[in-house]
Amino acid sequence: MVRDAWWIAVLVGWLVMPVTGWACSCSFASQGLASTLEGARDSAGFIYLGRVRDSEDPSERFATVDVLEAFKGSVKAGAVLRLPYGGGGDCVLNVTPGRTWLIYAGKTGPEEVWMCSRSRRVLLDDSELTWLRTGVLPPVPVALHRETVSCEGCEIEVEARRLLAHAGTPPVGWREAEARWKAGQPFITSAGMTQSRVLGVSRDGRAFELSDSSLEASARWACERRLQLRWCKRLELQEGRYASDFRCVDPGEPQEVCDERRSRKSEWLPMERLPPGACSGFNPSAPSCDLASDRFPFPAGAPPLPFLACHPLTPGARSGGYACEVKTAPEPAPPAP
């Protein structure tokens, strides 16, 4: 029934979109953690842990996945599967190469995967994996600890523009980038469908790739951004499924151009009660939360475990989006000055 509800949401999104394209719209019912996990397990035909191989050709739009562990269905550890991937408007799951994924597949086979299932990237100590192996539910937080941070920000477009003749030159779309590339003119453009990596040609004619290396982590917090520059032997234009894209050929060693952690200042607010409905249980080990500026003090004497340690996604914010971690033991006290 849960899966049927997701399909209905996607179908409605398709019906209201113009014929030139449609976006995938997923709707997840708000339930308790136990009901959510049990519903996902019951509606899936296959559940397994798999690692996506690194050497994938983006133009193929299929990813080779090695099954590491199986939890439901006839699929076995050691099996090699070919999963469609993309992450565009067609609900195809964006199974990133080189990452480990927990896959909830459909009834027809282990390769029936899509964006609106419970499939996601995981670490090997993820509490949802523990539940699938042992039946022990992930811990449910009763309180939260909210962090505020400040830093000198790193902006990928700002750093990229420094490499051009005019600092005010904006990034261009792939069609304009292709025209300038063929004409030997400087430009910057976002790579693929992401704003975390830009490529271009500098004012002195050198090809480069500038990337946000902090996105290698499972969640990016405020003031954790790190930008790296690699000079390329040349740029190569590739035809993609949705648009053309550039590739950095024979990149050199990465050079750090900006690191927000060097100026990061942090303050933890007093422990507070966890507002109902503020957090998504999609990742029970590291939920995303939307917190209001109003805080509710935690009752004196009540055991504040387990709790959420919540890191803001925006510097200086005391409300809004937070990336949280479930903690089952008190944080160590800071050393005495």
Side-chain angles (χ1 to χ4, degrees), residues 21 23 52-63 85-90 92-99 121 152-220 222-262 313:
V52 187
R53 295 187 184 179
D54 286 296
S55 55
E56 302 296 340
D57 181 356
S59 64
E60 292 278 335
R61 292 300 170 182
F62 280 91
Y85 82 98
D90 53 2
V92 176
L93 191 66
N94 188 16
V95 281
T96 320
R99 304 296 186 181
R121 281 174 46 187
E152 297 177 8
C154 295
E155 296 294 335
I156 194 166
E157 285 189 14
V158 172
E159 295 298 331
R161 290 175 186 180
R162 296 180 196 272
L163 302 172
L164 303 186
H166 304 288
T169 304
V172 296
W174 68 270
R175 291 186 183 277
E176 177 66 18
E178 180 180 1
R180 295 190 185 188
W181 173 67
K182 290 179 178 178
Q185 299 173 347
F187 71 91
I188 54 175
T189 187
S190 297
M193 301 175 68
T194 176
Q195 299 296 321
S196 64
R197 188 165 63 96
V198 297
L199 297 107
V201 175
S202 68
R203 58 180 175 269
D204 55 0
R206 301 176 67 190
F208 67 88
E209 176 186 69
L210 188 64
S211 60
D212 186 346
S213 61
S214 62
L215 293 183
E216 297 174 1
S218 58
R220 188 179 70 196
C223 298
E224 292 282 342
R225 181 169 293 177
R226 306 183 306 280
L227 303 182
Q228 291 184 334
L229 171 68
R230 297 194 303 178
W231 295 105
C232 314
K233 184 176 181 180
R234 67 180 188 278
L235 294 183
E236 183 178 272
L237 188 64
Q238 296 181 314
E239 293 295 328
R241 185 175 183 180
Y242 303 103
S244 296
D245 195 8
F246 287 98
R247 183 175 71 90
C248 178
V249 178
D250 293 337
E253 290 296 318
Q255 308 169 23
E256 181 182 288
V257 295
C258 189
D259 189 342
E260 292 179 346
R261 299 171 303 173
R262 298 182 184 278
L313 301 181

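Source: prediction; values computed, not measured.
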Heavy-atom side-chain contact between [X] and [Y] under 4.5 Å:
X: D212; Y: L227; answer: yes
X: E224; Y: R261; answer: yes
X: I188; Y: L210; answer: no
X: E152; Y: R262; answer: no

Electrostatic pair E256-R226, nearest N-O below 4.0 angstrom
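No, this pair does not count.
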Indicate yes or no: does E159 engage R162 in a salt bridge with an N to O separation below 4.0 Å.
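A salt bridge links E159 with R162.
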Look up atom [atom1] in [X] and atom [atom2] in [Y], then write down how far apart they are to the nearest 0.5 Å.
X: R230; Y: Q255; atom1: CZ; atom2: CD; answer: 11.0 Å
X: R206; Y: L163; atom1: CZ; atom2: CG; answer: 9.5 Å
X: C223; Y: D259; atom1: SG; atom2: CG; answer: 10.5 Å
X: L199; Y: E236; atom1: CG; atom2: CD; answer: 12.0 Å
X: R197; Y: T189; atom1: CZ; atom2: OG1; answer: 10.5 Å
X: R203; Y: R161; atom1: CZ; atom2: CZ; answer: 14.5 Å

Could you tell me which non-hydrogen atom of [X] sits nearest to which non-hydrogen atom of [Y], and how far apart they are?
X: A160; Y: V198; result: CB-CG2, 3.9 Å
X: G153; Y: E260; result: CA-OE2, 3.4 Å
X: L235; Y: F208; result: CD2-O, 4.2 Å
X: V95; Y: A63; result: CG2-CB, 3.8 Å

Give the ring-plane orientation class for F246 versus W181, where under 30° counts as parallel, over 60° as perpendicular and anything between as tilted.
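F246 vs W181 ring planes: perpendicular.
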